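Fair warning: this is a prediction, and the values are worked out from it, not measured in the lab.
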Amino acid sequence: MPKARETPLTAVRDLRVIVKARSCERMADRWHSANGPLDDGTCFYLFRRLGTLHAPVISARGTGLAVSFAAPGGSGRRSVVMALDTSRTWRVLMVLDIDRGPIPDPAEVDRRARATLDAIVDNSCPRVVALAHRDIGIAAAGSPEQRCQQVLTSDLALALSVRPEYRLQPRGRGRNFTIYALDLGESGYFTVLMARTPLRRVPGRPVVQRFTTAVRAR
């Protein structure tokens, strides 16, 4: 497993300093490369969302990191999800308003994760669209065909096309997130994220975890 050059606590403290200073240049260094370049609009959006990262609760899970904190204005809690980049530094993937839900069945989460990877290996758009998260992550924007292609043209899909035999290793389980290690040898090491859906409580709607993204850590 790739080893971080810094501790999770160091990364979160640095993120708090960046937000307080409102430095887009430094925020760009904490923005995961899988998200593409950080533009000014997204940067200031992150400043608003992160506030002061008040009372963070840090859960390190292999090469993934979930940080829960009090939302500005006392409106519940938010989560910032970070992952190791290929530089072996912790970088921000996304910031979410996400309710604490019931504890998911680990076997069901694992089944969904494997089914999604199998769908990617098989280039099955109907299955990818049915299994992936609809609100966040790499399959959350556009038409069903666009959502599918965003997954099937990702670094993960390319790596799986070279190494279709894989083994997912759970690195951390929680109410809202499950983080897996996916070591594909020379094709790369990935952090795979499953996240709760729906993000907010909806009466009568069951809570499940769906494939959200997979980012390269090596």
Side-chain angles (χ1 to χ4, degrees), residues 1-72 77-98 133 135-141 150-151 153-159 171-172 174 176-184 187-195 199 212-218:
M1 184 174 70
K3 301 297 183 182
R5 298 180 185 274
E6 58 188 349
T7 67
L9 180 58
T10 298
V12 173
R13 283 175 172 169
D14 184 54
L15 187 58
R16 293 180 70 178
V17 171
I18 291 169
V19 171
K20 186 175 181 179
R22 299 180 74 81
S23 170
C24 284
E25 181 178 358
R26 290 185 61 190
M27 181 63 83
D29 289 335
R30 283 290 173 191
W31 188 235
H32 204 287
S33 64
N35 291 330
L38 179 68
D39 58 57
D40 286 346
T42 303
C43 176
F44 286 102
Y45 170 79
L46 289 172
F47 291 153
R48 291 195 303 272
R49 298 281 289 159
L50 291 170
T52 58
L53 272 178
H54 181 64
V57 178
I58 303 171
S59 300
R61 301 166 182 172
T63 54
L65 190 64
V67 183
S68 174
F69 63 100
R77 296 185 72 80
R78 287 181 178 155
S79 290
V80 53
V81 181
M82 305 178 76
L84 279 191
D85 209 334
T86 52
S87 61
R88 293 194 287 137
T89 56
W90 295 105
R91 293 188 173 178
V92 175
L93 281 175
M94 59 189 73
V95 182
L96 304 170
D97 287 310
I98 188 165
H133 207 296
D135 301 313
I136 55 174
I138 60 175
Q150 283 156 195
V151 177
T153 58
S154 65
D155 280 353
L156 171 66
L158 178 60
R171 290 297 184 185
N176 294 329
F177 306 105
T178 301
I179 295 173
Y180 297 91
L182 180 62
D183 190 348
L184 297 176
S187 296
Y189 181 107
F190 290 81
T191 304
V192 178
L193 176 69
M194 300 283 283
L199 298 176
T212 301
T213 193
V215 295
R216 190 183 293 271
R218 185 189 69 226

> Can you name the residues that form a side chain to side chain donor-acceptor pair (under 3.5 Å) with Thr153, not counting sequence neighbours?
Replying inline: none
>> So, using side-chain contact (heavy atoms from CB on, under 4.5 Å) as the criterion, who are the partners of Ser154 when residues are at least two apart?
In response: Ile138, Leu156, Ala157
>> Rounded to the nearest 0.5 Å, what separates atom CZ in Phe177 from atom CG in Leu65?
In response: 11.0 Å
>> Going by side-chain contact (heavy atoms from CB on, under 4.5 Å), name the residues that satisfy it together with Ala139, two or more places apart in sequence or in a different chain.
In response: Ala132, Arg147, Val151
> Which heavy atom of Gly62 sits nearest a heavy atom of Trp90, and at what distance?
Replying inline: O-CH2, 3.5 Å
> Can you name the residues that form a side-chain contact (heavy atoms from CB on, under 4.5 Å) with Ile179, not counting sequence neighbours?
Replying inline: Arg61, Thr191, Leu193
> Which pairs pass salt bridge (charged side-chain N to carboxylate O under 4.0 Å, His left out) with one or both residues in residues 79-89, sequence neighbours excluded?
Replying inline: Asp85-Arg91
>> Using every non-hydrogen atom in the two residues, find where Pro2 and Thr63 come nearest and quote the distance to one decimal.
In response: O-CG2, 3.9 Å
> Given Arg77 and Ser68, is the side-chain hydrogen bond (donor to acceptor under 3.5 Å, both in side chains) satisfied, shown in steps?
Replying inline: CA-CA 7 Å; Arg77 296 185 72 80; Ser68 174; 3.0 Å; yes
> Looking at residues at least two apart in the chain, or sitting in another chain, which of them share a side chain to side chain donor-acceptor pair (under 3.5 Å) with Ser59?
Replying inline: none
Contacts table for residues 38-51: side-chain donor-acceptor under 3.5 angstrom, sequence neighbours left out:
unit_1: Asp39; atom_1: OD1; unit_2: Gly41; atom_2: N; d: 3.1
unit_1: Asp39; atom_1: OD1; unit_2: Thr42; atom_2: N; d: 2.7
unit_1: Asp39; atom_1: OD1; unit_2: Thr42; atom_2: OG1; d: 3.0
unit_1: Asp39; atom_1: OD2; unit_2: Thr42; atom_2: OG1; d: 3.4
unit_1: Tyr45; atom_1: OH; unit_2: Arg49; atom_2: NE; d: 3.3
unit_1: Arg49; atom_1: NH1; unit_2: Asp97; atom_2: OD2; d: 2.8
unit_1: Arg49; atom_1: NH2; unit_2: Asp97; atom_2: OD2; d: 3.2

> Under the salt bridge (charged side-chain N to carboxylate O under 4.0 Å, His left out) rule, what pairs show up with a residue in residues 4-18, not counting sequence neighbours?
Replying inline: Glu6-Arg30, Asp14-Arg26, Asp14-Arg30
> Thr178: what forms a side chain to side chain donor-acceptor pair (under 3.5 Å) with it, not counting sequence neighbours?
Replying inline: Gln209
> Nearest 0.5 Å, what's the CG-CE distance between Leu93 and Met82?
Replying inline: 8.5 Å
>> I need the Ile136 CD1 to Leu96 CG distance, nearest 0.5 Å.
In response: 4.5 Å
> side chain to side chain donor-acceptor pair (under 3.5 Å) with Asp183: which residues, sequence neighbours excluded?
Replying inline: Arg218
>> So Leu53 and Val80, do their side chains get closer than 4.5 Å, heavy atoms only?
In response: yes
> Between Phe69 and Val67, which heavy-atom pair has the shortest distance, and what is it?
Replying inline: CD2-O, 3.8 Å
> How many angstroms lie between CG in Asp155 and CZ in Phe190, if you round to the nearest 0.5 Å?
Replying inline: 5.5 Å
> How many angstroms lie between CE in Met1 and CG in Leu84, if you round to the nearest 0.5 Å?
Replying inline: 8.0 Å
>> Can you list everything that forms a side-chain contact (heavy atoms from CB on, under 4.5 Å) with Leu158? Sequence neighbours excluded, please.
In response: Ser161
